[in-house]
Asks: 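Sharing a structure, written as structure tokens. Questions coming.
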There are 2 protein chains.
Amino acid sequence: MSVNSTHKDALFKLQHAGISNTSRRLAVLSILLKAKKPLNVSTIRRLLEGKCNIDKVTVYRTLSLFRKRGIIREIATTSGANYFEIASQENSLHPHFSCRNCGEITCLDPLSFTHAAKLIFSKHDYSIDHIEINISGLCTCCRNSSKKSFYKQEE
Amino acid sequence: MSVNSTHKDALFKLQHAGISNTSRRLAVLSILLKAKKPLNVSTIRRLLEGKCNIDKVTVYRTLSLFRKRGIIREIATTSGANYFEIASQENSLHPHFSCRNCGEITCLDPLSFTHAAKLIFSKHDYSIDHIEINISGLCTCCRNSSKKSFYKQEE
DNA sequence: TAATTATTGCAACTCGGTTGCATTTTTGAT
DNA sequence: ATCAAAAATGCAACCGAGTTGCAATAATTA
């Protein structure tokens, strides 16, 4: 994908999500659109160097906004840093592989659960230590409760 | 399970893993054995108050040791804090549900992937925002490379 | 253009987790 | 039991991820 089409894609996504297109937002979104794998904040900032002056706070606020609007997905790791990837139809929900040696996170094929299970347990090219499935949302208790968000407010 | 049998179970697990049974390790392991859900470090420390004087560093080192020896599993969350649960035959690999409102993490049934997929997509009692599958280990590159662990050393 | 609102940067902070080192406890040989 | 070596623990200081408050700047809109 050319730089220009990435830029157009970013513009379209912001517009579609009803977010005004500032230079920083376009820059962050373009980085994620061009990425082949999930990125953490320090990597995003490194990739932005030279292209765009941007404070780390702005990066966090931008990513948080993108996540709330469904433009990106946030991926938890035990390393402390969270990773981010584009969430779109073309980039559907898929498992991630994180290497315990280099820390790199790569995307696995978005196969069906059945197929994925087979693939996972036949171990293919990776040596697998640990498989984790995390599901997040609202628990029954919080769903039925009138009191709101004492943990983490979402609009 | 009685306090006494938890204590015996903890002793057995430490012995089986070849870890010497100190008072702190027994205390931490007992907390996890009694827990019905994964716990983070701040919760573990709160539950230890009064029972056992223990520094946070010791808690982290103890949990790290347990994880390396396969006694416990570490669960990543986007909240920043990692959670820990007993890893045993009885407590097999299973999905976790984390509530975006209260932050609590609960365990889901360790069903087959196929069954789990059905359950997940029929949504049962939770309102689901996001499903995440994380697999960790060694990538092909690091597996074949002679240079070792520039990221996170594991013995 | 002026006024209002949204975005950004800066500084300071919180919190999870780690490191170095000194002290205490455990272990194991005698 | 005793003593030396090794392991475990605590303390202080630190690091990095992420957040908050507020002032300054940029973008909207009347």
Side-chain angles (χ1 to χ4, degrees), chain A residues 10-11 14-15 17-29 38-46 48-49 51-69 72 74-84 98 103 105 149-155, chain B residues 10-11 14-15 17-29 38-46 48-49 51-69 71-72 74-84 98 100 103 105 149-155:
Chain A
L11 263 170
L14 290 182
Q15 190 181 332
I19 301 172
S20 62
N21 57 89
T22 68
S23 61
R24 322 296 146 112
R25 286 172 180 170
L26 278 171
V28 171
L29 191 47
L39 305 176
N40 63 20
V41 169
S42 79
T43 305
I44 292 170
R45 295 195 69 203
R46 190 162 36 74
L48 285 168
E49 273 169 21
K51 292 185 180 174
C52 162
N53 269 6
I54 183 167
D55 191 77
K56 67 168 180 168
V57 178
T58 306
V59 176
Y60 281 110
R61 286 198 273 234
T62 301
L63 291 170
S64 174
L65 179 64
F66 288 177
R67 186 184 52 76
K68 284 176 187 164
R69 300 303 174 87
I72 61 175
E74 187 168 11
I75 295 146
T77 72
T78 53
S79 79
N82 295 328
Y83 285 69
F84 301 88
S98 77
I105 296 194
S149 286
F150 45 95
Y151 172 65
K152 199 177 183 180
Q153 186 76 46
E154 299 285 330
E155 88 298 15
Chain B
L11 262 171
L14 290 182
Q15 190 181 332
I19 301 171
S20 62
N21 56 91
T22 68
S23 61
R24 322 297 145 112
R25 287 172 180 172
L26 279 170
V28 172
L29 191 47
L39 305 177
N40 62 21
V41 169
S42 77
T43 305
I44 292 170
R45 295 196 69 201
R46 190 164 34 75
L48 284 168
E49 273 168 20
K51 291 185 181 176
C52 163
N53 270 5
I54 182 167
D55 191 78
K56 68 168 181 169
V57 179
T58 305
V59 176
Y60 281 110
R61 287 199 272 233
T62 300
L63 291 170
S64 174
L65 178 65
F66 288 176
R67 186 183 51 76
K68 284 176 188 166
R69 300 303 175 87
I71 297 179
I72 62 175
E74 187 168 11
I75 296 146
T77 72
T78 53
S79 79
N82 295 329
Y83 285 69
F84 300 88
S98 77
R100 103 163 95 82
I105 296 194
S149 287
F150 45 93
Y151 172 64
K152 199 177 183 179
Q153 186 75 46
E154 298 284 332
E155 89 289 27

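For clarity, every value in this text was computed on a predicted model and none was experimentally measured. Just so it is clear: chains get the letters A, B, ... in the order the sequence lines come, proteins before strands, and each one is counted from 1.
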Asks: Just compare C:dG17, C:dG9, D:dG10 and give me whichever is closest to any side-chain atom of B:Tyr60.
Replies: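 So the nucleotide nearest the side chain must be C:dG17.
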
Asks: Nearest-nucleotide wise, let me know which of B:Arg24 and B:Gly80 is further upstream toward the 5' end of DNA chain C.
Replies: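 This one resolves to B:Gly80.
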
Asks: Between the base of C:dG9 and the side chain of A:Arg61, is one N or O donor paired with an acceptor at under 3.5 angstrom?
Replies: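 It does, because a donor-acceptor pair links the side chain of A:Arg61 to the base of C:dG9 below 3.5 Å.
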
Asks: Judged by atom type as modelled, is there a donor-acceptor pair below 3.5 Å linking the side chain of A:Asn82 to the main-chain atoms of B:Thr78?
Replies: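 Yes, A:Asn82 side chain to B:Thr78 backbone: donor-acceptor pair under 3.5 Å.
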
Asks: What's B:Ser20 touching, base or sugar-phosphate or nothing? Going by heavy atoms closer than 4.0 Å.
Replies: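 B:Ser20: backbone/sugar contact only, no base atoms under 4.0 Å.
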
Asks: Taking B:Arg25 for its side chain and B:Thr62 for its backbone only, find out whether a donor-acceptor pair lies under 3.5 Å.
Replies: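 No; judged by distance alone, with no hydrogens or angles, the pair does not exist.
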
Asks: I need the CD1-P distance between A:Ile75 and D:dA17, as an integer number of Å.
Replies: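 A:Ile75 atom CD1 is separated from D:dA17 atom P by 17 Å.
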
Asks: Take the protein atom CG of A:Leu48 and the nucleotide atom P of C:dT8, then report the distance between them rounded to whole Å.
Replies: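 Going from A:Leu48 (CG) to C:dT8 (P), I get 12 Å.
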
Asks: Using a cut-off of less than 4.0 Å, is there contact between a side-chain N or O of A:Thr22 and OP1 or OP2 of C:dT7?
Replies: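 False: A:Thr22 side-chain N/O out of range (4.0 Å or more) of C:dT7 OP1/OP2.
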
Asks: In terms of side-chain heavy atoms of B:Val57, which of D:dT9, C:dT18, D:dG18 is nearest?
Replies: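 So the nucleotide nearest the side chain must be C:dT18.
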
Asks: If you assign each of B:Asp55 and A:Ala81 to its closest nucleotide in DNA chain D, which residue comes earlier from the 5' end?
Replies: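 The residue whose closest nucleotide sits nearer the 5' end is B:Asp55.
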
Asks: What is the distance, to the nearest angstrom, from the CD1 atom on B:Ile19 to the C1' atom on D:dA8?
Replies: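 Taking CD1 of B:Ile19 and C1' of D:dA8, I get 12 Å after rounding.
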
Asks: Do the side chain of B:Lys56 and the base of C:dG17 come within less than 3.5 angstrom through a donor-acceptor pair of N or O atoms?
Replies: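 Present.
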
Asks: What integer distance in Å separates A:Leu29:CG from C:dT7:P?
Replies: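 Value for this atom pair: 15 Å.
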
Asks: Does the side chain of B:Leu14 reach to within under 4.5 Å of the side chain of B:Phe66, using non-hydrogen atoms?
Replies: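 Answer yes - side chains close enough.
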
Asks: Taking all non-hydrogen atoms of both residues, which atom of A:Ile72 and which atom of A:Leu63 are closest, and how far apart?
Replies: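 That closest heavy-atom pairing would be CD1-O, 3.4 Å.
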
Asks: Within the 4.5 Å heavy-atom criterion, are A:Thr77 and A:Asn40 side-chain neighbours or not?
Replies: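 SC-SC contact between A:Thr77 and A:Asn40 ruled out.
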
Asks: Quick one: label B:Asn53 by what it contacts on the DNA or RNA (base, sugar-phosphate, nothing), any heavy atom closer than 4.0 Å.
Replies: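 Result for B:Asn53 = sugar-phosphate.
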
Asks: Regarding B:Asn82, tell me which of base, sugar-phosphate or nothing describes its non-hydrogen contacts under 4.0 Å with the strands shown.
Replies: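 Sugar-phosphate contact only - B:Asn82 comes under 4.0 Å of backbone atoms but never of a base.
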
Asks: Grab the CG-P distance between B:Leu39 and C:dG16 for me, whole Å please.
Replies: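 Rounded to the whole Å, the gap is 14 Å.
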
Asks: Without decimals, in angstroms, what is the distance between B:Leu14 CG and C:dT26 P?
Replies: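 After rounding, the gap between these two atoms is 14 Å.
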
Asks: Write down the distance between CZ (B:Arg69) and C1' (D:dA8), rounded to a whole number of angstrom.
Replies: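 In whole Å, D:dA8 C1' lies 13 Å from B:Arg69 CZ.
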
Asks: Starting from P on D:dA8, measure out to CG on B:Asn21 and report it in whole angstrom.
Replies: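 These atoms are roughly 11 Å apart.
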
